[in-house]
Structure formats: C-alpha cells, structure tokens
Amino acid sequence: MKSYRLVPMTHTPRADGTAALLAELNAEQAEAARTTQGPLLVIAGAGTGKTRTLIYRTAVLVDQGIAPERILLLTFTRRAAEEMRQRAGLLLDTRCDRVSGGTFHATCAGLLRRFGGAVGLDPAFTIMDRADAEEVVGYVRAELNLGDRSRRFPKKKALLDILSKAVNRDVAVADTVAEEYPHFLEYVGDIERVAGAYREQKRRRQLVDYDDLLTLTVQLLERHPHERERVGALFSHIMVDEYQDTNRLQARLVRLLANGHDNVMAVGDDAQSIYRFRGACFRNIMDFPREFPGTRLVKLTRNYRSTPEVLHLANRVIAGARERYEKDLTSTCGPGDVPALICAPTENMQSRFVCQRILELHEAGVPLHEVAVLFRSAYHTFDLEVELARHHLPFTKRGGLKFMETAHVKDVVAYLRVLGNPHDAISWGRVLRLHAGIGEVTAQKIFGHLEDRADPWAALLAMPAPWTERLRPLGEVLAPLARSQKPPADMAAAVIEYYTPQLKAQFDDYPKRIKDLDQVVAVAERYAALEPFLTDLALEPPEASVAGTEAEGRDDHLILSTIHSAKGLEWQAVFVIWAVDGRFPSAYAEGSDEELDEERRLMYVALTRAKRHLTITYPINVYDRATGMVLSKPSRFVAGLPAEVLEPWALADDAGPARAGGTAGRAAGADDEWGEYFNQDGGW
Ligand code: ATP
Ligand code: MG
C-alpha cells in the first residue's frame with residue numbers, strides 16, 4: 001500500500017528570490033549557496049547543514065534561471081536525491097522536480113543507455129547484481145577448467161572480490177592480488193585469465209556489472225571526445241553529497257563530467273567515511289582541490305542537529321581515531337539528557353528494553369517516525385523485530401534486506417530481463433531451469449538455439465524436438481510480450497501468472513512469496529518502460545519485502561536501519577543496539593588499524609544521527625562461534641567514558657533503579673523514568 005503526504009498545490013514564487021533563500025542559512029552556508037561558479041568544497045562535521053546547503057543552492061540555481069535538467073545531484077541513494085529535489089521544490093517551486101539526480105551508478109546507467117554505443121553497448125544491456133556477476137565468474141572459472149578441487153584456486157566470490165577491488169581502487173589485478181590476496185599469488189596468471197574471459201563474456205552477452213557502470217562511463221568520456229562533448233553539454237552544475245564515500249573512479253567521473261565548466265560543489269565529512277570496503281577513500285575529499293584548481297573551501301562548524309550532550313559523546317568517540325582531521329562540533333541546540341549505555345543480561349532483555357523505552361518516548365510526545373534503532377548488521381534485529389510486533393510497534397526496516405536476492409523475486413526478474421535483453425544468458429539459464437526436466441546442460445543447449453537468431457522469439461516458438469511441446473507455453477507467453485509495447489507492470493503481471501505454478505511447486509510458503517511478487521508489480525507501475533524499471537531494480541531495489549515491512553499501511557512507524565543506510569538522516573531518538581565488543585567493532589576488524597578506524601567512524605555516524613535522545617545498548621554473555629569467546633564487554637569505542645559523557649546502566653528483571661559501574665551520574669530515584677528496568681545492584 002502506498003503512503004501519501006500532503007504538499008502545497010501552489011507555490012507562491014518568492015518575490016525576493018535568492019536573497020530570501022540565503023537568509024535562511026548561516027553566513028558560511030550562504031556563501032556556499034551563493035557561489036554558483038567554479039569548484040567549491042565544503043568539509044564539515046555531521047549535522048552542520050551540508051545537505052541543507054546543497055538543497056538551498058539547488059533552489060538558488062533554479063531561481064537564477066539555470067535549466068533544472070542541467071543541474072545534476074549525485075547522492076548515495078535514489079531516495080536522498082528525490083528528497084533533495086522535493087525540499088528544493090518546497091523552497092522554490094515545482095521546477096525543482098526536473099533537477100537531474102541519483103546515484104553514481106544510476107547516472108552512469110542512464111548515460112550508457114544513451115551514449116554507450118561508443119564503448120560497444122547496446123541500449124538494452126542488462127545490469128547484473130552481485131549474485132549474477134558471481135554466477136558469470138563461476139561459469140568462466142569452470143570454462144577455463146580452473147575449478148579443479150585439488151587446488152586452492154579462489155572460488156567465484158573471492159575472484160569477483162579481487163576483480164572488483166582492482167577496478168574500484170584503480171589498480172591492476174596482479175597488484176591487487178599481491179597486496180591484498182598474497183596467498184593467491186601463485187595463481188595470478190590464471191586469475192588474470194579469468195578477468196579476461198569474464199570481460200569477454202560480459203561483452204558478448206551485453207551484461208554490465210556494477211563496476212562496469214563506472215568504468216565504462218569513464219572510458220566513454222576519456223576515450224571518445226565526441227561523446228564527452230555531448231555528455232558535457234548535459235549538465236552545467238554538478239553537486240555531490242557525501243563526497244567522503246566516493247572512490248577513485250567516482251572522483252574521476254566527477255572530474256570528467258565537469259569538463260569545460262568546473263562548476264562542481266562537493267560536500268562531505270572525512271570522519272563519516274564508511275565505505276572503505278568498497279574502495280572509498282576519505283583522503284579523496286582532501287584531493288579535491290588538486291583535481292579542481294581554484295577550489296573555494298568552505299568550513300561549517302555549528303551543528304544544528306544535536307544537543308550538546310550528544311555531540312560531546314560523538315566528539316569523544318571520534319577523537320580515538322588514529323587518523324583524522326581535527327574538527328570538534330559545537331551545538332546550537334539547548335541542553336538535553338546525557339546519553340545512556342545500557343548493559344542487558346540477554347539479547348531479549350535488550351529488545352524488551354528498547355520497546356519499553358520507545359513506548360515511553362511515544363507517551364512523552366515523540367512520534368514513532370522520529371525514532372530509529374540502528375545496528376551494524378541486518379541480522380542483529382531478528383529478536384527485536386519479534387518484540388516490536390508483540391508490542392504492536394510498527395516499523396520499517398532499511399538496509400540489508402535482500403528483497404532482490406530472494407529466489408522468487410529473482411525468478412520473476414529473470415523473465416523480465418530476457419524480455420528486455422534476449423542475449424542475457426544468465427537470465428535465460430534461470431528461466432529455463434525453472435521448467436521441469438531442464439537442468440544446467442539442457443538450458444545451455446536450448447540457449448544455444450536461441451542466442452544467434454535474429455528473432456529469438458520466433459525460434460522459441462519453433463524449437464526442434466524434443467523441446468517443441470515443452471517450451472511452447474513459455475514462447476506463447478514471452479514472444480507476444482516481447483513484441484508488445486506493454487507497460488512493465490502488465491509484463492510483470494503476465495510473467496507472474498505464468499510463473500505461479502512454478503512458485504507453488506518450489507516453495508511451501510508460497511502465499512507469503514506471492515505478496516512479494518505483488519510488490520514487484522506495484523513497483524513496476526511507476527515505470528512507463530521496461531528498461532528503466534530493470535535498471536532501478538538492479539541498482540536500487542525496493543528496500544523491504546512485504547513480509548519484512550510490519551508497518552505496511554500504517555502512517556506512523558519507527559525505523560530499523562543499518563548504520564550504512566542511516567547516513568545523512570536524523571531522528572529525535574536513536575538507539576544503537578548490539579554495541580558489544582566483538583560485534584561492534586566486529587571481531588574480524590581487529591586485524592587492522594584501518595578497519596578498526598572504519599568501525600569507529602561507523603559508530604560516529606550512528607551517534608550523530610540523534611537529535612535529543614541517544615541510547616546505546618549491549619547484551620552480555622553472547623557466545624561468539626567464530627572466536628569461541630563469550631562477549632560481555634561494551635564496544636571499546638564507548639567503554640570507559642566518564643559518566644557525565646555516557647551514563648552506564650544495567651538492566652535487571654525486578655523493579656528498582658541502579659547504575660552499573662562508575663560513581664558519578666544521574667541519581668536514580670523512585671520517580672526516575674527508567675526505574676522499573678533497573679535494579680539497585682545491577683544484580684545479574
Ligand atoms: P550529515 O553529515 O549527517 O549528512 P549535514 O551536514 O548534511 O549532516 P543537514 O542534514 O543538512 O546536515 O542539517 C542537519 C540539521 O540541521 C537539519 O535538520 C537542518 O535542517 C538543520 N540546519 C542546518 N543548517 C541550519 C540553519 N542554518 N538554520 C536552521 N537549521 C539548520
Ligand atoms: Mg548530509
């Protein structure tokens with residue numbers, strides 16, 4: 001079910017235009033929003049109004065007569081770009097709806113569909129997600145006979161990791177292996193062969209993986225002056241939010257897109273760089289002025305989001321980072337409560353406490369949509385989800401939900417993809433294998449019959465024996481769809497109707513899965529054509545399967561989110577759960593200082609999402625199978641802080657308040673709002 005929001009139908013144009021917009025910013029923000037020519041870099045801490053400045057600057061540009069389509073907003077999620085457009089629209093008028101924007105990957109996909117001919121791409125190319133890409137690598141590995149079990153040759157997942165790292169860090173495959181996978185050094189020649197064969201497979205089948213979207217666009221712009229000129233003419237102003245999380249390729253891309261005008265504004269915060277594992281480099285942001293000589297640097301220091309108490313804690317946590325650029329935040333908000341660190345004897349008590357506390361906050365007037373529970377990994381919330389349901393607390397979960405990775409959604413998408421690109425061998429394989437009696441080998445043979453035909457649909461309807469009869473129903477559904485100009489929702493509905501018996505044969509819980517498929521149709525309804533629909537599904541799939549969205553149809557619901565998906569957002573009340581050492585930071589991160597620093601920045605991002613109420617919780621007595629240890633200490637990032645920065649509390653079953661450890665801190669009295677959860681001696 002869709003939810004709706006009221007927006008004003010008419011916008012009164014602002015008589016004094018730009019001046020009125022700028023009056024709503026502080027001096028530094030206004031300077032950035034007013035500077036509409038040349039390169040501009042804003043490096044500033046969390047909540048200082050970087051995103052706000054981008055939104056106002058967008059409105060200023062449109063107000064000054066720049067064609068909205070020629071403004072490009074590059075953001076980390078599509079949702080972020082949409083929200084910025086909307087907010088700019090509310091400041092100015094509906095022209096802002098036409099501002100271009102999206103993620104790097106989506107923007108590249110759009111450019112490649114229009115101009116990709118120069119790098120050998122057909123406009124109907126298929127975008128592969130990670131699982132598809134692994135499948136192709138696995139296929140190539142087997143083709144090259146490198147799958148011999150007696151050797152320790154890397155598996156498809158590790159191979160793709162190596163290839164992807166090489167691309168994202170912009171270094172050779174051999175160097176990546178030498179630096180990061182020295183245990184595979186003896187196979188470097190074969191790994192390079194895999195890389196070559198993988199490239200060739202993708203080219204032949206018109207398949208593009210996530211990395212290719214960036215590399216091919218860079219290639220297009222670097223090697224093809226004619227296209228560079230045409231693409232360059234599309235945008236007159238480029239703005240990038242969260243620049244600290246770009247990798248080298250993305251930085252190169254920004255450089256190329258801005259060719260000829262250098263009207264680029266980047267904003268970011270090195271302390272919030274949390275995508276190192278994808279090749280992001282927080283030093284990237286420091287290199288910006290070198291890429292764009294004459295860069296004007298603006299610093300924002302006042303935080304408008306959080307209470308001094310929240311910032312005090314965040315500043316303390318980030319101060320422990322080995323490497324960072326000094327910039328403490330000062331608050332413009334009134335004082336609030338000292339954040340709390342809660343020790344829970346079990347995971348379930350942690351969950352119950354969070355629910356109770358949310359109910360209390362709600363009672364006290366905090367709407368549910370102003371509450372977020374943040375965690376490092378998506379699996380951390382299963383117990384909490386059950387408790388929330390028990391307390392009738394509606395929630396939406398963001399990040400880490402694998403809607404697109406569920407088998408049934410992948411099946412339906414495979415059908416749609418062959419409709420979009422009949423050369424897509426991976427999707428054909430999946431579709432054909434759904435039919436009784438067709439396995440891997442047969443599927444390949446059948447595809448062999450189709451792949452080089454001018455009209456694969458005609459071929460499908462006239463397959464030789466013994467497949468003639470068995471594949472006719474498939475052909476009768478797909479061929480007319482492929483030849484039609486039907487909207488994607490109709491195509492999806494037709495495919496789902498054909499697929500439903502296959503779904504029922506495969507899964508006992510099919511009723512739930514059918515609901516997910518309804519969701520596919522619902523999403524498809526927003527698109528007029530198949531291609532953009534498939535592109536978005538591959539790049540930014542819907543966040544939740546229906547099964548996971550307890551809040552469906554309810555207006556006010558709280559957010560459960562991975563910290564990565566909470567970037568740039570803010571809530572009145574934030575809970576950071578599972579802050580137990582060994583989980584956060586993960587025991588795996590202990591190997592390297594860089595990884596530990598990245599985890600620390602992740603904690604910093606989590607803490608700085610809170611406006612007023614910040615609660616960190618950790619369960620104890622957690623057995624960690626990987627290390628064989630029992631985890632019982634709070635995250636090292638927040639452990640041992642003085643109680644005036646972070647108040648430690650222990651949870652107990654019975655009534656009566658108590659503090660755990662420390663001496664200073666708030667006095668726990670009978671009227672203490674948390675009284676019922678704490679006991680005097682922390683006696684667990
Ligand atoms: P993050 O680093 O988390 O992405 P940010 O620097 O992008 O944060 P914003 O999200 O733009 O910060 O702003 C944080 C909050 O402060 C928002 O609620 C925003 O509206 C408010 N804010 C920023 N600047 C001002 C201002 N000049 N006057 C009033 N409110 C402001
Ligand atoms: Mg922001």
Side-chain angles (χ1 to χ4, degrees), residues 122 124-147 155-157 159-160 194 197-210 212 402 404-453 455-461 463-464 466-468 470-479 481-482 491-492 495-496 498-499 501-503 505-507 517 520 530 534 537-538 541:
D122 183 289
F125 65 82
T126 299
I127 299 172
M128 298 188 288
D129 66 16
R130 169 82 198 193
D132 300 325
E134 273 179 24
E135 201 171 313
V136 180
V137 169
Y139 170 80
V140 163
R141 182 177 180 272
E143 281 275 283
L144 294 173
N145 284 323
L146 295 169
K155 308 244 173 347
K156 59 186 179 185
K157 185 176 172 317
L159 282 168
L160 190 62
V194 169
Y198 177 54
R199 216 176 303 125
E200 178 54 23
Q201 269 295 321
K202 289 187 292 186
R203 198 192 54 74
R204 270 189 53 205
R205 312 277 187 225
Q206 290 292 317
L207 301 170
V208 166
D209 66 22
Y210 289 162
D212 295 330
K402 310 264 189 304
M404 269 301 292
E405 287 168 29
T406 54
H408 52 299
V409 174
K410 274 202 108 85
D411 287 346
V412 167
V413 171
Y415 278 101
L416 294 172
R417 280 184 175 175
V418 299
L419 289 172
N421 171 12
H423 301 289
D424 179 348
I426 304 293
S427 298
W428 268 117
R430 188 167 188 115
V431 163
L432 292 169
R433 288 196 307 272
L434 285 169
H435 294 77
I438 299 182
E440 187 90 43
V441 177
T442 312
Q444 272 187 30
K445 276 193 201 151
I446 296 173
F447 179 67
H449 273 275
L450 303 177
E451 76 172 314
D452 296 322
R453 302 302 169 95
D455 185 351
W457 306 113
L460 183 64
L461 284 168
M463 288 297 283
W467 302 309
T468 328
R470 195 175 304 160
L471 291 176
R472 195 190 308 275
L474 177 68
E476 282 170 355
V477 172
L478 294 189
L481 279 180
M491 291 197 185
V495 159
I496 289 167
Y498 176 81
Y499 168 70
Q502 294 169 338
L503 173 81
Q506 279 185 88
F507 304 106
L517 300 183
V520 174
L530 188 58
L534 291 175
L537 269 190

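The first residue of the sequence shown is numbered 1, and numbering continues consecutively from there. Computed from heavy atoms alone, side chains included, the values below leave out hydrogens, waters and symmetry copies.
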Which atom of L460 lies closest to which atom of G475, heavy atoms considered: CD2-CA, 3.5 Å
Heavy atoms, side chains only, cut-off 4.5 Å: are T442 and W467 in contact? yes
Run the side-chain contact (heavy atoms from CB on, under 4.5 Å) test on Y415 and L434 for me, step by step, so that the C-alpha distance in whole Å, both residues' side-chain angles and the decisive distance to 0.1 Å come before the verdict. CA-CA 10 Å; Y415 278 101; L434 285 169; 3.7 Å; yes
Any ion pair linking E451 and R205 (charged N to carboxylate O, less than 4.0 Å)? yes
Please answer whether the main-chain N or O of A538 pairs with a side-chain N or O of Y210 as donor and acceptor at a distance below 3.5 Å. yes
So which of W428, Y499, Y498 actually passes ring pair (Phe, Tyr, Trp, His ring centres under 6.0 Å) with H435? Y498
Atom CD of Q444 and atom CZ of R433: how far apart are they, to the nearest 0.5 Å? 9.0 Å
Closest heavy-atom pair, I438 versus A443, reported as atoms and distance to 0.1 Å, is CG2-N, 3.8 Å
Between E200 and R204, is there a side-chain N and carboxylate O pair less than 4.0 Å apart? no
Got a second to check how far N421's CG is from F125's CZ, nearest 0.5 Å? 10.0 Å
Closest non-hydrogen contact found for D212 with K202 is OD2-NZ, 2.9 Å
Taking side chain as C-beta onward, heavy atoms only, is L461 less than 4.5 Å from E476? yes
Shortest non-hydrogen contact from F447 to H423? CZ-O, 3.7 Å
Mind checking the CG-CZ spacing from L530 to R417? Nearest 0.5 Å is all I need. 11.0 Å
Hey, could you give me the CD1/CD distance between I426 and E134, rounded to the nearest 0.5 Å? 11.5 Å
For the CD atom of E135 and the CG atom of D129, what is their distance to the nearest 0.5 Å? 10.0 Å
Heavy atoms of G437 and R470 approach each other most closely as O-NH1, 3.9 Å
Is R430 paired with D411 through a side-chain N to carboxylate O contact shorter than 4.0 Å? yes
Which heavy atom of R453 sits nearest a heavy atom of A459, and at what distance? CG-CB, 3.7 Å
Could you tell me whether the side chain of L419 reaches within less than 4.5 Å of the side chain of W457, counting heavy atoms only? yes
Does the side chain of L450 come within less than 4.5 Å of M463's, by heavy atoms? yes
Validation row: D132, L207 side chains within 4.5 angstrom (heavy atoms): no
Quick one: does L481's side chain get under 4.5 Å of V495's, heavy atoms only? yes
Counting C-beta onward and ignoring hydrogens, is there a side-chain heavy-atom pair between V136 and D209 closer than 4.5 Å? no
Partners passing side-chain contact (heavy atoms from CB on, under 4.5 Å) against R199 (at least two apart in sequence or in another chain): A195
Is it true that a side-chain atom of H449 and a backbone atom of K445 form a donor plus acceptor pair closer than 3.5 Å? no
